[in-house]
Structures are given as C-alpha cells and as structure tokens.
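Quick notes on the structure that follows.
As the structure lists them, so they are numbered: ligands from 1, and atoms in each ligand from 1.
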Amino acid sequence: MKHIAIIGASGYTGAQITSLINTDSDLSIQGLYVSENSLDKGKPLAELYPSYNHISLCLKPLTNEAKNAIVAQADAVVLATDHVVSLHLAAWFYKQGLAVFDLSGAYRFGSLEQYPKWYGFTHEYPEVLAEAVYGLAEWNAAEITQSKMIAVPGCYPTASLTALKPISHLLTEVLPVINAVSGVTGAGRKAHLHTSFCEVSLTAYGVMGHRHQPEIATQLGHNVVFTPHLGNFKRGILATITVQLAKGTTADDIAAAYQCYDDAALITVKQNAFPKVDDVVHTANCLVGWKYDADTHYLVVSSAIDNLMKGAASQALQCIKIHFGNESQ
Ligand SMILES: NC(=O)C1=CN([C@@H]2O[C@H](COP(=O)(O)OP(=O)(O)OC[C@H]3O[C@@H](n4cnc5c(N)ncnc54)[C@H](OP(=O)(O)O)[C@@H]3O)[C@@H](O)[C@H]2O)C=CC1
Ligand SMILES: CC(=O)N[C@@H](CCC(=O)OP(=O)(O)O)C(=O)O
C-alpha cells in the first residue's frame with residue numbers, strides 16, 4: 001500500500017485524482033491539501049463537490065507542519081497546483097525523498113532556457129529538473145519507473161502526441177497542423193472573465209504562442225503548428241491534426257504504425273471513423289481516428305481525451321501505478 005498526499009485537491013484535477021485514488025485498492029490518501037490561507041481549508045471535499053459525498057476527507061491547509069507530516073507519512077505527492085506553486089513544492093518534496101507527480105508544466109521541459117519564455121519564471125532547480133521524466137504513460141514507462149520526479153504531460157500534448165508519435169517517422173518538413181478544442185475545465189476552477197458562462201463561445205486562443213506548442217514539438221522531435229480553441233462544453237479535448245506524410249506512404253504503413261497501441265488498454269485507433277468528445281468524457285481513454293489520401297499524402301487524424309482524466313488525473317494515476325509497480329500492493 002502506498003500513501004499519497006494530494007496538493008491542490010480542491011481544484012478540478014486535484015478533486016478528480018482524489019476520486020480515482022480513493023477507489024484504488026493499492027493506494028491510500030495520506031491527506032488532501034490546499035494553500036495555507038485557502039478559503040476552502042477545513043471544508044470537506046464533498047462540500048465543494050457533492051458528487052464525491054462518499055469521500056469523507058477534509059481539505060487541510062499546507063502549513064509547514066503539514067508538509068513535515070506528509071514527508072513522515074506519505075510515499076508520494078501529487079501536485080495539482082499552478083506551475084509556480086509546483087515549481088517550489090516539487091523541488092522541496094523531491095529533496096525530502098518523496099516521489100513527485102506534478103500535473104503542472106514546471107518540470108516538462110528538459111532545458112532551463114524554455115521556462116522564462118513559456119512560463120514567465122526562471123527555473124531555480126536545475127538539479128531536480130535534470131531528474132524529471134515526462135510522464136506520457138504509454139511511451140515512457142521505463143523512465144517513469146526509474147525516476148521519482150514525474151512531470152505529467154499537459155492535456156493538449158497528451159491528445160496530440162498520442163496521435164502523432166506513432167507516425168513521427170513518416171513526417172516530412174511540412175509541419176503538422178494541430179487544431180484542438182478544449183472544454184472549459186481545462187482552464188481550472190478559479191474564476192476568470194474569459195471562462196464565465198456568458199463569455200464562453202468557440203474561439204481560438206494562444207495562437208502562435210501557447211506553451212503546449214514547444215511541449216509537443218520537443219516530445220515529438222518535430223516542429224508543429226498548434227492552435228488551441230476554447231469550446232462551450234465542460235470537459236474533453238478533441239485535437240484534429242492535418243499532416244502531410246512522406247511520398248510513397250500507404251494507408252497500410254499508417255495502420256502498421258498505429259499497431260504500437262494494440263496492447264495499450266486505454267488507446268483505441270480506428271481508420272475512417274472519428275471520435276467524439278462525449279465518447280471519452282469521465283473515462284481514462286484516448287480515441288484516435290484517421291483517414292488518409294494517398295494522392296496528396298495528407299493524413300487527418302483526430303484524438304479525443306477527457307482533459308481532466310487522460311489529460312491530467314488518470315494519466316497521473318497511470319504514472320503512479322507504473323512507478324510503484326508491484327510495490328503499491
Ligand atoms: N484543468 C486541466 O484540464 C488540466 C490542468 N493541468 C494543470 O494541473 C494543475 C492544476 O490545474 P487545475 O486543477 O485545473 O487548477 P485549479 O485552479 O482548479 O486548482 C488549483 C488548486 O491548487 C490549490 N492551490 C493554489 N495555491 C496553492 C498553494 N500555494 N499550495 C497548495 N495548494 C494551492 C487551489 O486551492 P486554493 O487556491 O484554495 O489554495 C486548488 O486546489 C495546473 O498546473 C494546470 O496547469 C494539467 C492538465 C490538464
Ligand atoms: C482551456 C484552457 O485554458 N486550457 C489550458 C490548458 C490546461 C493544461 O493542460 O494544462 P497545463 O497548464 O498543465 O499545461 C490552457 O490553455 O492554458
């Protein structure tokens with residue numbers, strides 16, 4: 001049995017992973033935490049999320065005493081916190097010897113130079129960053145087993161990389177064009193004008209400047225054009241990617257490439273059938289559909305996930321299970 005502390009448990013991804021760990025017989029929740037001065041400290045999680053009324057745990061403030069109790073009692077922490085909050089907490093808990101599963105972007109880039117541009121801070125922990133591995137579960141299991149510092153991928157990168165990595169050897173110098181639409185929970189629970197009910201309407205944002213573009217490009221090993229969109233639905237991401245493949249590529253080559261997921265329980269790939277967001281919401285699954293025009297060598301591939309599940313919480317749980325393996329039982 002492994003004991004897991006969840007920090008940022010009142011947020012969308014934190015509450016989601018709390019519900020997953022709560023029902024996992026190999027894991028136990030050491031505690032649920034919010035910031036020291038949070039308006040929610042002391043409240044039962046179920047007061048915020050009545051659908052979790054079977055979970056009786058309360059949200060505790062992350063004081064110094066609480067941090068020391070986590071070190072004494074937990075095997076791992078899940079950080080479902082903002083990038084800058086995660087930056088410092090991850091380094092502190094890692095140095096205390098705990099395994100860290102960080103849902104933020106604070107440890108996803110290998111090189112320090114990327115952080116000021118894409119995250120607006122200077123990374124202060126190169127020694128911890130050097131140990132971090134990218135938790136794309138189906139691709140990096142060996143690394144996730146080895147390291148105690150797991151950077152769980154972003155939601156858009158999870159959808160995009162799942163579709164593109166199998167065919168990376170078929171790409172040309174023409175950049176894949178990724179158009180992705182996210183539900184509003186992708187922006188977190190805190191109130192913002194642009195995510196308020198009367199403001200949300202399907203629109204592109206972060207055009208030519210979203211931090212997930214370099215995350216996808218780095219992990220794919222190939223540059224991409226990435227345009228996120230905000231959709232007027234709560235959960236889910238649909239990433240539809242248009243890509244020109246090398247001359248001579250056949251549909252059979254593509255089908256063969258996607259066979260890499262034949263043993264992946266959570267990923268289903270179909271030819272000439274396209275997934276809907278509703279097919280994956282509240283699940284840990286990723287559905288991929290593709291169609292290829294051999295005359296132009298253009299492939300359209302669509303990938304659907306739940307941003308709070310495969311895009312965050314359930315992928316973090318996959319990483320926890322991979323990392324601890326049989327030890328968690
Ligand atoms: N939403 C999504 O679809 C995805 C989000 N992510 C990433 O996951 C992380 C969490 O996202 P999300 O759940 O949406 O965010 P939310 O805004 O919904 O939740 C943030 C949580 O962090 C807590 N918190 C804030 N400051 C601190 C602090 N100093 N110490 C401890 N807890 C703190 C908040 O509670 P309080 O303020 O009351 O203390 C709240 O519980 C982010 O880094 C996000 O980028 C990754 C993939 C997908
Ligand atoms: C709709 C929406 O606002 N989505 C978020 C992405 C959420 C995510 O994956 O998070 P990371 O910040 O951890 O990379 C955004 O575009 O910033």
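Gly186 O, 3.2 Å is the protein heavy atom nearest to atom 4 (N) of ligand 2. Scanning the protein heavy atoms around atom 12 (O) of ligand 2, the nearest turns out to be Arg211 NH2, 2.2 Å. With respect to atom 8 (C) of ligand 2, the closest heavy atom belonging to the protein is Cys155 SG, 3.2 Å. Taking atom 14 (O) of ligand 2 as the reference point, the nearest protein heavy-atom neighbour is His212 NE2, 2.3 Å. Of the protein's non-hydrogen atoms, Arg108 NH2, 2.7 Å is the one closest to atom 13 (O) of ligand 2. Closest to atom 2 (C) of ligand 2, if we only count protein heavy atoms, is Tyr205 OH, 3.2 Å.
Near Arg189, with a cut-off below 4.0 Å to any heavy atom, the atoms of ligand 1 are 16 (P), 17 (O), 18 (O). Those atoms of ligand 1 with a heavy atom of Gly311 less than 4.0 angstrom away are 47 (C), 48 (C). For ligand 2, the atoms closer than 4.0 angstrom to any heavy atom of Leu230 are 1 (C). Using a 4.0 Å cut-off to heavy atoms of Leu103, the atoms of ligand 2 that qualify are 13 (O). Short contacts between ligand 2 and His83, defined as distances under 4.0 Å to a heavy atom of the residue, involve ligand atoms 11 (P), 12 (O), 13 (O). Atoms of ligand 1 found under 4.0 Å from any heavy atom of Ala312, numbered from 1 in the order shown, are 47 (C), 48 (C). Close contacts of ligand 1 with Thr13, meaning ligand atoms under 4.0 Å from a residue heavy atom, involve 1 (N), 2 (C), 4 (C), 5 (C), 8 (O), 10 (C), 11 (O), 12 (P), 13 (O). Remark: ligand 1 atoms within the under-4.0 Å shell around heavy atoms of Leu308 are 1 (N), 2 (C), 3 (O). Those atoms of ligand 1 with a heavy atom of Gly188 less than 4.0 angstrom away are 14 (O), 18 (O).
Minimum heavy-atom separation, Ile237 to Ala159: CG2-CB, 4.1 Å.
Summarising the local packing, NZ of Lys291 is surrounded by 12 or fewer heavy atoms from other residues, nucleotides or ligands at distances under 6.0 Å. Within 6.0 Å of atom CG in Leu202, more than 12 heavy atoms from other residues, nucleotides or ligands are found, so the atom counts as buried in its surroundings. Heavy atoms of other residues, nucleotides or ligands lying less than 6.0 angstrom from CG of Asp263 number 12 at most.
An N or O contact shorter than 3.5 Å is missing between Tyr119 and ligand 2 by distance. An N or O contact shorter than 3.5 Å links Tyr12 to ligand 1 by distance. The distance criterion of under 3.5 Å between nitrogen or oxygen atoms is not met by Tyr33 with respect to ligand 1. Of the N or O atoms in Glu215, none lie within a sub-3.5 Å distance of an N or O in ligand 2. Polar contact with ligand 1: present for Gly11 (N/O pair, distance under 3.5 Å). Any N or O atom pair closer than 3.5 Å counts here, and Gly8 shares at least one such pair with ligand 1.
At a heavy-atom cutoff of 4.0 Å, ligand 1 is contacted by the backbone of Asp82 but not by its side chain. The parts of Val34 lying near ligand 1 are both backbone and side chain, judged by heavy-atom distances below 4.0 Å.
Side-chain N/O atoms of Thr250 and Asp253 include a donor and acceptor closer than 3.5 Å. Inspection of the Gln271 and Tyr258 side chains reveals no N or O donor paired with an N or O acceptor under 3.5 Å. Between the side chains of His210 and Tyr156, no donor-acceptor pair is found at a separation under 3.5 Å. Side chains of Thr162 and Ser303: a donor-acceptor N/O pair is absent below 3.5 angstrom, by distance only.
Atom 44 (C) of ligand 1 is not flagged as protein-proximal [any protein heavy atom, distance under 4.0 Å].
Val77 and Ile4 fall into different hydrophobic clusters, defined by Ile, Leu, Val, Met, Phe, Trp and Tyr side-chain heavy atoms under 4.5 Å apart, directly or through other members. Tracing side-chain contacts under 4.5 Å through hydrophobic residues (I, L, V, M, F, W, Y), one reaches Ile6 starting from Tyr49; they form part of the same cluster.
Checking Thr81, Thr185, Ile17 against atom 42 (C) of ligand 1, the nearest heavy atom belongs to Thr81. Residue nearest to atom 31 (C) of ligand 1, selected from Ser35, Ala106, Ala80: Ser35 (by heavy-atom distance).
Not less than 6.0 angstrom separates the ring centroid of Phe109 from the ring centroid of His123. Between His83 and Phe121, the distance separating the two ring centers is not shorter than 6.0 angstrom. In this structure, the ring of His229 has its center no less than 6.0 angstrom from the ring center of Tyr205.
Residue contacts with ligand 1 include Val85, since one or more of its heavy atoms lies under 4.0 Å from the ligand. Assignment of Thr195 to the shell around ligand 2 is not supported, since no heavy atom sits closer than 4.0 Å.
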Next item on the list: Could you walk me through whether Asn223 and Gln213 pass side chain to side chain donor-acceptor pair (under 3.5 Å), step by step?
Entry: CA-CA 8 Å; Asn223 204 0; Gln213 185 275 332; 2.7 Å; yes
Note to self: Before you tell me yes or no, could you show the steps for His297 and Lys247 under side chain to side chain contact (heavy atoms under 4.5 Å, CB included), namely the whole-Å CA-CA distance, both residues' side-chain angles and the distance that decides it to 0.1 Å?
What the structure shows: CA-CA 6 Å; His297 310 117; Lys247 272 190 187 155; 3.3 Å; yes
Next item on the list: With side chain to side chain donor-acceptor pair (under 3.5 Å) as the test, would you mind laying out the steps for Ser19 and Asn22 before giving the verdict?
Entry: CA-CA 5 Å; Ser19 78; Asn22 185 57; over 6 Å; no
